[in-house]
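Just so it is clear: chains get the letters A, B, ... in the order the sequence lines come, proteins before strands, and each one is counted from 1. Computed over heavy atoms, backbone and side chain alike; hydrogens, waters and symmetry mates excluded.
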Amino acid sequence: MLMTRGLRRAAVPRLARRYMCATAARRTTTSGLVAPGAGARFHDYDAAVTACVERRALKQGRQVHAHMVTARYRPPVYLATRLVIMYARCGALDDARNVLDGMPERNVVSWTAMISGYSQTGQHAEALELFIRMLRAGCKPNEFTFATVLTSCSGPQSIHQVKQVHSLIAKTNFESHMFVGSSLLDMYAKAGNIQEARRVFDMLPERDTVSCTAIISGYAQLGLDDEALDLFRQLYSTGMQCNYVTFTTLLTSLSGLASLDYGRQVHGLILRKELPFFVVLQNSLIDMYSKCGKLLYSRRVFDHMPQRSAISWNAMLMGYGRHGIGHEVVQLFRSMTEEVKPDSVTLLAVLSGCSHGGLVDEGLDIFDLIVKEQNAVLSIGHYGCVIDLLGRSGRLQKALDLIRDMPFEPTPAIWGSLLGACRVHINVSVGEVVAQKLLDMEPGNAGNYVILSNIYAAAGMWKDVFRVRNLMLEKTVTKEPGQSWIILDKVIHTFRSSDRFHPRKKDIDAKIKEIYVDIKAAGFVPDLSCVLHDVDDEQKERMLLGHSEKLAVTFGLMNTPPGLTIRVMKNLRICVDCHNFAKFVSKVYRREISLRDKNRFHLLTDGACTCGDYW
DNA sequence: TTAGGGTTAG
């Protein structure tokens with residue numbers, strides 16, 4: 001009876017009503033006497049709102065709120081805060097904000113709940129703005145506020161924002177609070193300052209799985225895979241507890257390193273832990289095996305998954321594409337459409353897979369089909385893939401037309417893709433137009449000069465090769481330092497161009513000279529257009545021999561038994577001369593060579609490569 | 001009384 005006093009039954013949702021009754025029963029049995037009044041109504045509303053918060057029941061929550069308004073009930077701070085939380089958790093941020101703005105006084109909980117609502121829906125500017133309003137209103141943030149607001153320090157100004165929030169935190173004791181510290185170090189790492197992230201981590205009085213995972217993830221996100229792996233080993237040996245997020249993070253770094261042995265070991269650890277099924281973790285395993293060159297293992301993981309997300313399919317499609325297995329890309333894509341809806345990444349994976357797999361027309365057909373049937377929103381990346389497909393098939397003019405007609409300003413990557421096609425199809429006229437665009441856009445990028453020089457050299461236009469070299473000398477050109485690595489017995493051996501400091505430099509030099517004689521006898525001709533320095537031909541040959549991937553292949557040949565595949569990784573795209581070198585080594589020494597460059601795998605067997613000399 | 005930290009494909 002009491003519970004419906006002043007509350008029309010029909011207006012109160014069933015869920016809320018049930019909680020109201022439960023509260024009434026409790027109160028009746030404990031006190032034995034329940035008097036009607038404002039106190040009773042508070043508990044009814046409180047229980048009802050709590051039920052809605054727990055169940056994310058927005059509709060019922062709105063009804064309870066409407067009931068308060070109709071009954072002219074003015075909720076106290078606590079209850080109004082619960083309403084803010086209810087709306088914020090249900091994603092109804094405008095309603096949450098209305099309640100917050102209408103509160104005669106607000107506490108740290110109501111401010112924080114609202115900030116959290118904005119953070120979790122990606123409205124970071126609003127979150128930060130509200131945080132500032134909170135400070136101006138004289139409300140002191142607590143550990144929850146700091147942990148929340150830090151997650152909104154993103155975007156181009158993130159490092160300054162993190163530093164500002166950090167200076168506020170430093171005035172409190174919250175810097176060593178586990179959640180605040182984890183959030184702080186995570187944001188420093190995301191903003192690119194791994195040193196500061198590490199400093200915060202090292203200062204934490206206690207560490208848990210999340211804080212350890214956050215710092216490892218920080219190294220992984222910045223591509224510092226070696227450091228991520230080292231830190232994991234160190235923390236693991238001192239008793240760090242791992243969960244599925246830790247393993248997912250670690251697998252990302254092992255993928256980057258292409259460290260198959262560690263990858264398998266971690267997989268074994270995961271199996272022994274008997275963790276429940278997590279899609280994200282399995283997706284990481286698919287990606288790790290594919291980037292380690294073991295597609296069959298990826299497929300095995302993929303096939304055994306009880307559930308798959310679009311990301312699982314995309315990871316598998318990318319894997320086939322990366323290995324140049326075009327027909328599997330197309331076949332898997334067809335199966336995918338029966339199970340889940342392809343997304344924009346799927347289209348990228350299929351287009352790039354068809355391009356790398358040599359299935360030009362199939363790729364163009366799928367592109368037309370998806371664009372027509374699904375009204376897909378196309379990004380510049382999709383256009384890049386189609387331009388790549390047209391370029392691969394030699395339809396350079398069509399590719400040029402598409403660049404002119406597409407609704408995006410062409411980026412250097414787009415022109416670069418076309419320039420690569422001009423090199424493969426030795427098209428000087430289009431190549432010159434494209435190169436001019438590129439040289440205007442990024443005059444300091446050495447790679448563009450090299451490819452233009454390759455084109456002239458392939459066409460026998462030696463005067464122009466000379467002209468490009470002089471052009472390059474006039475500018476200050478830079479090149480990301482190339483490095484290659486090979487993993488033998490879990491030890492990573494890294495080589496830089498003309499590595500002078502490798503402990504086995506003498507042995508490697510002797511072996512590479514021996515290889516050079518052998519492959520030259522089999523018909524290898526060095527491609528001097530890959531060197532643009534103003535030196536004589538003999539010196540050019542010496543410089544080419546210093547390329548990091550040649551050193552790594554040579555080191556592999558020296559240190560692995562006959563018959564074993566040599567697996568080498570490179571951080572940039574492989575150069576024409578090194579590709580040719582590897583082809584001859586595979587033939588003369590009867591060795592399969594797997595070369596993973598920035599974009600894809602080259603599997604070289606008996607003088608031929610799976611990329612079909614287009615990459 | 002309550003708000004909170006780490007993760008996968010390109």
Side-chain angles (χ1 to χ4, degrees), chain A residues 42 46 49-50 53 76-79 81-82 84-86 88-89 96 107-117 119-120 134 141-152 174 177-187 189-190 197 200-201 204 207-218 220-221 240 242-253 255 278-288 290-291 298 301-302 308-322 342-353 379 381-382 384-385 413 598-599:
Chain A
F42 168 81
D46 177 35
V49 175
T50 301
V53 169
V77 177
Y78 169 78
L79 191 52
T81 302
R82 300 288 295 154
V84 174
I85 295 161
M86 184 273 294
R89 276 215 191 163
N107 61 16
V108 63
V109 181
S110 44
W111 286 108
T112 306
M114 193 67 232
I115 294 169
S116 159
S119 289
Q120 284 178 6
M134 171 187 176
N142 64 12
E143 65 271 41
F144 296 96
T145 323
F146 284 126
T148 305
V149 80
L150 278 167
T151 62
S152 275
F174 296 135
H177 183 278
M178 187 94 81
F179 281 17
V180 178
S182 301
S183 199
L184 186 59
L185 78 88
D186 182 45
M187 293 321 286
K190 286 200 166 90
V200 174
F201 177 76
L204 282 176
R207 295 159 180 180
D208 66 354
T209 303
V210 177
S211 49
C212 292
T213 307
I215 188 68
I216 294 169
S217 159
Q221 280 165 17
M240 165 198 182
C242 303
N243 64 11
Y244 81 102
V245 184
T246 322
F247 290 127
T248 305
T249 305
L250 182 62
L251 285 169
T252 313
S253 279
S255 301
F278 292 103
V279 176
V280 280
L281 180 54
Q282 302 295 313
N283 292 348
S284 286
L285 281 169
I286 294 174
D287 191 51
M288 181 274 291
S290 123
K291 286 180 180 160
S298 295
V301 173
F302 179 82
R308 301 183 194 104
S309 64
I311 294 180
S312 328
W313 290 88
N314 293 346
M316 200 64 236
L317 285 167
M318 294 278 181
Y320 282 123
R322 197 177 287 127
D343 60 17
S344 64
V345 180
T346 313
L347 185 53
L348 280 179
V350 172
L351 293 174
S352 108
S379 69
H382 295 114
C385 289
K598 199 179 177 187
N599 295 330

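Close to B:dA3, at under 4.0 Å from its OP1 or OP2, lies no side-chain N or O of A:T148. Using a 4.0 Å cut-off, no side-chain N or O of A:R322 falls inside it from OP1 or OP2 of B:dA9. Using a 4.0 Å cut-off, no side-chain N or O of A:T248 falls inside it from OP1 or OP2 of B:dT8. Contact between the side-chain N/O atoms of A:K291 and the OP1/OP2 oxygens of B:dG10 is found at a separation under 4.0 Å. Between A:Q221 and the phosphate of B:dT7, there is a side-chain N or O to OP1/OP2 separation shorter than 4.0 Å. For the OP1/OP2 pair of B:dG4 and a distance below 4.0 Å, the side-chain nitrogens and oxygens of A:Q120 include at least one atom meeting the criterion.
Taking atom CG of A:L204 as the reference point, atom C1' of B:dG6 lies 13 Å away to the nearest angstrom. Atom pair A:K598:NZ and B:dG10:C1' shows a separation of 13 Å (rounding to whole Å applied). One atom, CG of A:L185, and another, P of B:dT7, lie 10 Å apart when rounded to the nearest Å.
Within 4.0 Å of A:T151, counting heavy atoms only, lie sugar-phosphate atoms of the nucleic acid but no base atom. Across all strands, A:F146 comes closer than 4.0 Å to no nucleic acid atom at all (heavy-atom distances). In this structure, A:T81 reaches neither bases nor backbone, as no heavy-atom distance under 4.0 Å exists between it and the strands shown. Nucleic acid contact class of A:H382 (heavy atoms, under 4.0 Å, all strands): none. The residue A:R89 sits close only to the backbone: its heavy atoms come under 4.0 Å of sugar-phosphate atoms, none of a base. When heavy atoms are screened at a 4.0 angstrom cut-off, A:N599 is found touching no nucleic acid atom at all.
Side-chain to base pairing of A:S182 with B:dG5: one donor and one acceptor N or O lie within less than 3.5 Å of each other. Side chain A:D208 to base B:dG5: a donor-acceptor pair is found below 3.5 Å.
In this pair, A:F144 lays its aromatic ring flat on the base of B:dA3, centres within 5.5 Å and planes under 30 degrees apart.
Side-chain N/O atoms of A:T148 and A:T112 include no donor and acceptor closer than 3.5 Å.
Annotation: side chain of A:T209 is in contact with side chain of A:T246 (closest heavy-atom distance under 4.5 Å).
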